[in-house]
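Ligands are counted one by one from 1 in listed order, and the atoms in each one are counted from 1 as well.
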Amino acid sequence: MVSAIRSMGLTGLNGFDVSVECFLSQGMPAFEVVGLPDAAVRESRERVRAAMKNCGYEFPVRRIVVNLAPADTRKEGPVYDLPIFLGLMAAGNDLSVPPDAAFIGELSLEGQTRPVTGMLPMALAAKASGVRQIFVPEANARETSLVTGLDVYPVRHVRELLDHLTGNGQIAKAPPYQSQPVPFECPDFADVRGQDNVKRALEVAAAGAHNVLMIGPPGAGKSMLARRLPGILPELTNAEALDSTGIHSVAGLTSREEPLLRFRPFRSPHHTVSAPALVGGGRIPRPGEMSLAHNGVLFLDELPEFQRDALESLRQPMEDQQVTISRVGGTVTYPARFMLLCAMNPCKCGWYGHPAGRCRCSEESVKAYYGRISGPVLDRMDIVIEVPSVSYEELSGKEQAESSAAVRKRVCAARLKQQARFDGQGPPSAHLTQEQMREVCALDEAGDKLMKSAFERLGLTARAYTRVLKVARTIADLTGSETVAPPHLAEALQYRQLTMGN
Ligand SMILES: Nc1ncnc2c1ncn2[C@@H]1O[C@H](COP(=O)(O)OP(=O)(O)OP(=O)(O)O)[C@@H](O)[C@H]1O
Ligand SMILES: [Mg+2]
């Protein structure tokens, strides 16, 4: 008496087919799960046993072997409760399960379903491997219905599922996904008085997805400005929205009612965050802050306060736009293409360089303060901008500052220009490849001369050189210019001028 039920597994963001085979045989009553199950999968036995008994079904007094094929890939989490339950019912009774149906879900001891994480990537993989009907916990149904071309059946209780499969009842299919208008809640740039230069820098950064470091005294509005950045970013494209939602789904952060992320994620971990929390990890490797910020912003406020190893962990992912987490039996890769936004004071007391001479720090302590941030991390900043204290005139002025909506319009126009390049596949400037960059960031003779003198004067690295060119490209896009002209380059170079304590 063998049954085979289709289900899905997940390694990182990659879903794969799992066949849950149940074999009931004569012999000493036992219940074994094989096929590289982790602890949560092994515990399925107890949940399934209890659910069966509590629902009035007879638990088979047999030797039960459940094999999760393929046997050489790790199976994690409680997603196999539902298929194991069904497999036992099918092996012991006359129950026919459609061959194009897959089952995923955790069970309570009473047979109700419980939501699981990573449903979206699993459902996408299920569809790709020919599944046409998918039975999932009710709480996951809306997220599953983001995958078009799958019949999604929300299961509340195993009894309902058995009734459905035996023709004694019918579970209604989940309606196709329709997005609901969600209000975008983000404070407005108009609240910030003065700081026009900083706002301009943030606009450039938003238009090209560049990294920004803001340096300024306490109370100048750095945190305030940073929190307003999402308001000037373009909406996620459909493909980006699915990608980001997949990552949030694996982390268990999607909302039941509105699972699709529509707005760019803004992650601001506290400075006590550990390197593994940024990178991701754990027994079942979960995405870290860098991956949760994929397609959005990672904001590190009070940059020098972060632990050194946490900051160092940013280096490779920022080059590769993905993080690789090593673990027993292989590695897991999550995408991590984010804009890094950082804020810091110029020194320990916060007032270095203040015109009124309020700073009490020695030159050494100022240097040591910057020393906490390693050179390679600073080198990855595209735009370094000073946020000066706001004057009384600016604070008390009556002039209305520009709204986020107005800035966002210009940002979106520039992004559209970038996207139109390379057969409509153009990335934001920050993510241009070397080859693409040569094509769209070419300088004329005057620009070349300007770049050469700045390169030598500022002691730019090769990385900084390409980053300056990309920022200049973005500025040209904001201006509506097809070529990168000297004024665009000059502005880009200005964002590398800050001497940073040297
Ligand atoms: N430019 C500004 N316009 C209007 N209000 C401001 C401005 N700058 C600061 N404020 C007010 O001061 C408060 C503190 O600003 P904010 O927290 O952004 O400072 P900060 O630069 O991050 O300081 P710190 O270095 O101490 O973190 C804000 O919540 C806001 O009420
Ligand atoms: Mg602050």
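Distances shorter than 4.0 angstrom occur between a heavy atom of Ala220 and an atom of ligand 1. A heavy-atom separation below 4.0 Å is not found between Val387 and ligand 1.
Expressed to the nearest 0.5 Å, how far CE of Met290 lies from CZ of Arg337 amounts to 15.5 Å. Considering CZ of Phe299 and CZ of Phe266, their distance stands at 5.5 Å, rounded to 0.5 Å.
Side chains of Ser429 and Gln418: a donor-acceptor N/O pair is present below 3.5 angstrom, by distance only.
Distance check on atom 19 (O) of ligand 1: some protein heavy atom falls below the 4.0 Å cut-off. There is a protein heavy atom less than 4.0 angstrom from atom 4 (C) of ligand 1.
Here the side chains of Glu138 and Arg256 are in contact, with some heavy-atom distance below 4.5 Å. Side-chain contact between Leu303 and Leu311 is present, with heavy atoms from C-beta onward closer than 4.5 Å. Inter-residue side-chain proximity for Phe338 and Arg267 is flagged as unmet; no heavy-atom pair is nearer than 4.5 Å. Residues Leu378 and Val384 are not in side-chain contact: their nearest non-hydrogen atoms beyond the backbone lie 4.5 Å or more apart. Residues Arg200 and Val204 form a side-chain contact, since some pair of their non-hydrogen atoms from C-beta on lies under 4.5 Å apart.
Protein heavy atom at the shortest distance from atom 30 (C) of ligand 1 is Met224 SD, 3.6 Å. Given atom 27 (O) of ligand 1, the protein heavy atom at minimum distance is Glu302 OE2, 3.2 Å. With respect to atom 22 (O) of ligand 1, the closest heavy atom belonging to the protein is Ser223 OG, 2.7 Å.
The pair Arg228-Asp191 meets the salt-bridge criterion, since a charged nitrogen lies less than 4.0 angstrom from a carboxylate oxygen.
Close contacts between ligand 1 and Arg193 involve ligand atoms 1 (N), 2 (C), 3 (N), 4 (C) [criterion: under 4.0 Å to a heavy atom].
In terms of polar-atom proximity, defined here as any N/O pair under 3.5 Å, Asn345 does make such a contact with ligand 1. Between Asp301 and ligand 1, no pair of N/O atoms sits closer than 3.5 Å. Polar contact with ligand 1: absent for Gly216 (N/O pair, distance under 3.5 Å). Between Val192 and ligand 1, not a single N/O pair is under 3.5 Å apart. Residue Gly219 places at least one N or O, backbone or side chain, under 3.5 Å from an N or O of ligand 1.
The Mg ion (ligand 2) lies under 2.8 Å from an N, O or S atom belonging to Ser223.
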